[in-house]
Amino acid sequence: MENKHILLGITGSIAAYKACSIVSTLTKKGYAVDIILTRHASAFIGSLSLAAISHRDVFVDEFDGTHESLIPHIELARRADLCVIAPADANILAKAAHGIADDLLSSCLLACTCPMLAAPAMNVHMFENAATQANISTLKSRGWSFVDPESGMLACAEVGKGRLADPEVIVAAIEARLEEEEKKKTQDLPLSGKRVLVSAGPTQEALDPVRFLSNHSSGKQGFAIAKAARALGADVTLAAGPVSLETPEGVERINYVSARDLEAVMKENAPKADFVIMAAAVADYRFAEQFDQKMKKSGDSMTFTLVRNPDILEGLGKVKRDDQVLCGFAMETENLEQNARKKMLSKNCDLLVANNLRTEGAGFQGDTNIVTLMTPETNTHLGLQSKEELGKTILLTMLEIQKGKTSHASVH
Ligand code: PMT
């Protein structure tokens, strides 16, 4: 959610000062908050404070030509993921309900295609007035969300419903609405409702604080699978080794360093997953002894003892649920299919992706791969493709395998 743009319209209400707290919380959480102050709002609160808190330009109503954009109402509307009006006075609700566009904020509202949320604040009689209630109903029927005002003593010394909701309540409503919209975006996708757990990158097995045993995995293949899974609508957890890749948007990342760290991450998260994919390049051995201080050189040679690391994939294969689909990788330099098939069967995988490091365009570090997809019954050779495209193919194949498993289970 952190990269989301929120367009905040502040209208003429004594509660306008509370918008500072809303802006501050959203900005600290990493949202980009674009602000439009109506002319009436600017009588209650200064644009300078809001600019300082949001670290962004604040737009004060008129098309005054002081901003870079010549058509700010379109640009602000276009980049908004959510438009919020807080406080929303009776006037803006009436204008929005009737499509009146006579200033920057109301024009922007007409141009917005994003979801809308309003937190009204006004005198109790203005709020309860049939016209205001009809406007709210109209806007609700168009999909607007509302954070109801609270009851209590109002600025006009009357008691009743009309006080702006607490800033924390408004921020919670904003985040809930954004989350709901994210869910909507993914609900019709092939993997919506599925949980995918994928590992990516090398392991590092420390010898001392300076040196370690590792391999050339960049993490690209596993990260590409995580990205493809998210694009297909899944909830994705990515166990990421020591690599410098950016986390794909919407993906939960858990970092690991050694094979034993990775084992712990996989053991904890696999029981919740529908699809488990081990794309990480795991060291089969680690140093028997690890030193707290940097080792000093002595003599012409050194000998170290290595001990076996756990076979994580094999462990996952032993506890696999009937409806869970487990995918392993095999990285080979010779006898690709023979060796890979052996791994698939011994580790109880439903699918295995075999890549040969000696084939150009396959394996470590590049953006492409060339693989054979294996199930216990089939071998499918796939030509050169991007790691993300391959990720999509792997995931859709896993979906078919799962469908087969569950329909088989229901027949028996
Ligand atoms: O990260 P990139 O630069 O994009 O490169 C991608 C890749 C080459 C690393 C990837 O495509 C790949 O082949 N990953 C698996 C690497 C590997 O460890 O292969 P393996 O044949 O040694 O192991 C077979 C399977 O068992 C793998 O799924 C591996 O994750 C798993 N394993 C291996 C050893 C171990 N101790 N525990 C395991 O779980």
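Excluded from the calculations below are hydrogen atoms, water molecules and symmetry mates; all remaining heavy atoms, backbone and side chain alike, are included. Note that ligands are numbered from 1 as they come in the structure, with each ligand's atoms numbered from 1 the same way.
When the shell of 6.0 Å around CD of Gln293 is examined, it contains 12 or fewer heavy atoms from other residues, nucleotides or ligands.
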**OP:** Start with the C-alpha gap between Lys184 and Glu181, add the side-chain angles, then the distance that decides, and say whether salt bridge (Lys or Arg N to Asp or Glu O under 4.0 Å) holds.
**Re:** CA-CA 5 Å; Lys184 269 192 214 155; Glu181 292 302 317; 3.1 Å; yes
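For ligand 1, the protein residues within 4.0 angstrom (heavy atoms only) are Ser217, Ser218, Gly219, Lys220, Gln221, Met278, Ala279, Ala280, Ala281, Val282, Ala283, Asp284, Pro310, Asp311, Ile312, Leu313, Gly328, Phe329, Ala330, Met331, Lys343, Lys347, Asn355, Gly363, Phe364, Gln365, Asn369, Lys387.
In terms of heavy-atom proximity, Pro87 sits nearest to Ile10 at CD-CG2, 3.9 Å.
Residue pairs meeting the salt bridge (Lys or Arg N to Asp or Glu O under 4.0 Å) criterion with at least one member in residues 277-306, sequence neighbours excluded, do not occur.
Geometric assessment of Arg195 against the ring of Phe275 yields a negative cation-pi assignment under the 6.0 Å and 45° thresholds.
Ion pairing between Arg78 and Glu75 fails under the 4.0 Å rule for side-chain N and carboxylate O.
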